[in-house]
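The structure displayed is predicted, hence computed values, not measured ones.
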Amino acid sequence: KPISTEEKDKAVLAKKYLQRFYGMPAGLQRPGKSSDLMQQKIREMQEFFKLEVTGKLDDKTVELMEMARCGVPDVAEYN
Amino acid sequence: HFPRDLKWKTTNVTFRILNYTPDLKKKVVDRAVRKALNVWSKVTPLRFTKTFDGTADIMISFGTKEHGDFNPFDGPEGLLAHAYPPGIGIGGDTHFDEDETWTEDYHAFNLFLVAAHEFGHALGMAHSSDPGSLMYPVYSYAKGFPLSEDDIEGIQSLYGENPDHEKFKPKPIAPEKCDPELSFDAITELRGETIIFKDRFYWRLHPNMPEPEQTLIKNTWPEIPNKVDAAYENPERDVVIIFSGIKMWALNGYTLVDGYPKYIHKLGLPKTVRKIDAAVNIRDTGKTLLFVDEEYWSFDEQTGTMDTGYPRSIEDDFPGIGDEVDAAAYHYGYLNLYHEHTQFEYSYSARKVVRIMRANSILNC
């Protein structure tokens, strides 16, 4: 089944969010690694916000990613 | 804290405002910045001095998109501001996104609250996962002194306590839904959802959401006080009535109804009643029960008057539940009465308690 635009938008939002606040590296990863890493970063985020830790982009996770917030990363070394 | 517990080596920290947002008067920005710094100086030995030229420890500015630190903002909403941990050069500097609308009240984004959060970073605080803390990374509006116990513990472990012991009242930590001692302030239905009030927060239970959602009351309804005493839904009128002290508010869906707050005495309660402990609408009878101390009243929603013969004793009419109620809800002939950490399921027809559970079993605990 093709990915809907909404799903694509969510994925883009999540990628940007995780890169900015959870230290997910930007750029290409080898096949398979990218989504594993994204799941791991989603889990980190869900754990921080005390959401259900699923590693998936469920509605509550996306909703939190869309909320107005501070630009300082939640985890990871501050550079 | 940031890695390596970055902090200022001195308790005398300087700040300078480089430019101003056009959204607010200059003096309002000055006041918000000073007030936000005072939040932290109240609980630490830190003292802040304003400078007008040269390099200060905390350089404050408003900018849009890429604004000189290769850490761009993103236009309206999304990122609101950022700040750098203590250090030389850019360390301590605090930047606000000028594409946001800055206010001094609960509209859009309150500059004082965002500044207080960012100055937390500028002093060495990283993000907290406590949703009631100032250092929680997501914006929410709240009145009063914004620091929670978590914030205070964090800043004092870096700089120590305020030697002047200035009085302050920290925000309590957000209640944990599975705390076995958890009690509730109020429970109501809202168009098929269940809303549970506790301290400054409420949990929202939606049939399509697997887990309860915890939110600050002020975040959804800035006009409603931080402490809700009782609440009930009148499904016929599609309103939820919320009680706090001697006042009450009405919601239609999540929207506040105009013309409120009103005094609870408008319902026909005597002036001696200063607080309602719990309220529940019994759908089958159209009556609303209002629990006050050891007694309860019956309000007829149809006529808008108090029923005669009340108040009556809770202990006499609801045997087995004790003499006081914190919160109440009605489902399919069963009245769920909450007192401290216990929930009593009371059968209206059998006139007896049929089940006793932990109060937080409603929160999947």
Side-chain angles (χ1 to χ4, degrees), chain A residues 1 3-28 37-79, chain B residues 1-4 6 69-74 76-87 90-91 94-97 100-101 108-109 113-114 117-118 120-122 124-131 134-141 174 176-177 206 208-215 219 364:
Chain A
K1 184 180 162 189
I3 300 168
S4 69
T5 321
E6 198 186 338
E7 291 300 312
K8 267 188 199 162
D9 290 347
K10 274 188 199 173
V12 171
L13 167 81
K15 207 171 143 190
K16 275 187 172 173
Y17 187 95
L18 297 169
Q19 280 170 0
R20 178 143 209 157
F21 303 114
Y22 287 84
M24 189 170 86
L28 286 170
L37 191 65
M38 187 143 164
Q39 273 188 18
Q40 183 201 317
K41 292 292 172 188
I42 292 170
R43 274 195 213 100
E44 265 181 58
M45 181 218 160
Q46 288 168 331
E47 204 170 319
F48 180 84
F49 283 104
K50 295 174 184 160
L51 297 168
E52 196 186 352
V53 181
T54 59
K56 289 176 187 158
L57 276 181
D58 48 51
D59 287 350
K60 280 173 88 172
T61 306
V62 174
E63 196 183 319
L64 225 153
M65 286 176 170
E66 286 169 338
M67 289 169 95
R69 57 159 293 154
C70 170
V72 173
D74 298 330
V75 293
E77 182 82 24
Y78 196 95
N79 293 302
Chain B
H1 302 142
F2 293 108
R4 291 175 276 122
L6 298 168
D69 60 357
F70 303 103
N71 195 359
F73 287 129
D74 56 354
E77 309 263 329
L79 302 177
L80 305 178
H82 57 221
Y84 293 85
I90 203 167
T94 302
H95 303 159
F96 298 91
D97 186 352
E100 310 302 340
T101 304
F109 301 111
L113 285 174
V114 175
H117 174 103
E118 296 308 328
H121 291 312
M125 299 280 281
H127 281 150
S128 166
S129 60
D130 176 350
L134 178 66
M135 293 315 293
Y136 190 65
V138 179
Y139 176 85
S140 71
Y141 177 78
E176 289 279 349
K177 70 185 172 88
H206 189 284
N208 295 344
M209 295 191 324
E211 283 298 311
E213 180 184 86
Q214 190 185 39
T215 311
N219 215 4
N364 305 331

Interface check, chain B: of A:Glu66, A:Arg69, A:Met67, most non-hydrogen pairs under 4.5 Å belong to A:Arg69
To the closest 0.5 Å, what do you measure between CZ (A:Phe48) and NE2 (B:His127)? 7.0 Å
Closest heavy-atom pair and its distance - A:Ala68, B:Val138: O-CG1, 3.6 Å
How many angstroms lie between atom CG of B:Leu79 and atom CZ of A:Arg20, to the nearest 0.5 angstrom? 4.5 Å
Is B:Phe73 in contact with chain A via its backbone, its side chain, both, or neither, using a 4.5 Å heavy-atom distance? neither
At a heavy-atom separation under 4.5 Å, does B:Pro76 approach chain A through its side chain, its backbone, both, or neither? neither
Tell me, side chain or backbone of B:Glu213 under 4.5 Å from chain A's heavy atoms, or both, or neither? both
Taking salt bridge (Lys or Arg N to Asp or Glu O under 4.0 Å) as the test, write out the residues that go with A:Lys60, two or more places apart. none
Between B:Ser128 and chain A, with a heavy-atom cut-off of 4.5 Å, which part of the residue counts as in contact: side chain, backbone, both or neither? backbone
To the nearest 0.5 Å, what is the distance between CD on B:Glu211 and NZ on A:Lys50? 14.0 Å
Under 4.5 Å from any heavy atom of chain A - which part of B:Ala126: neither
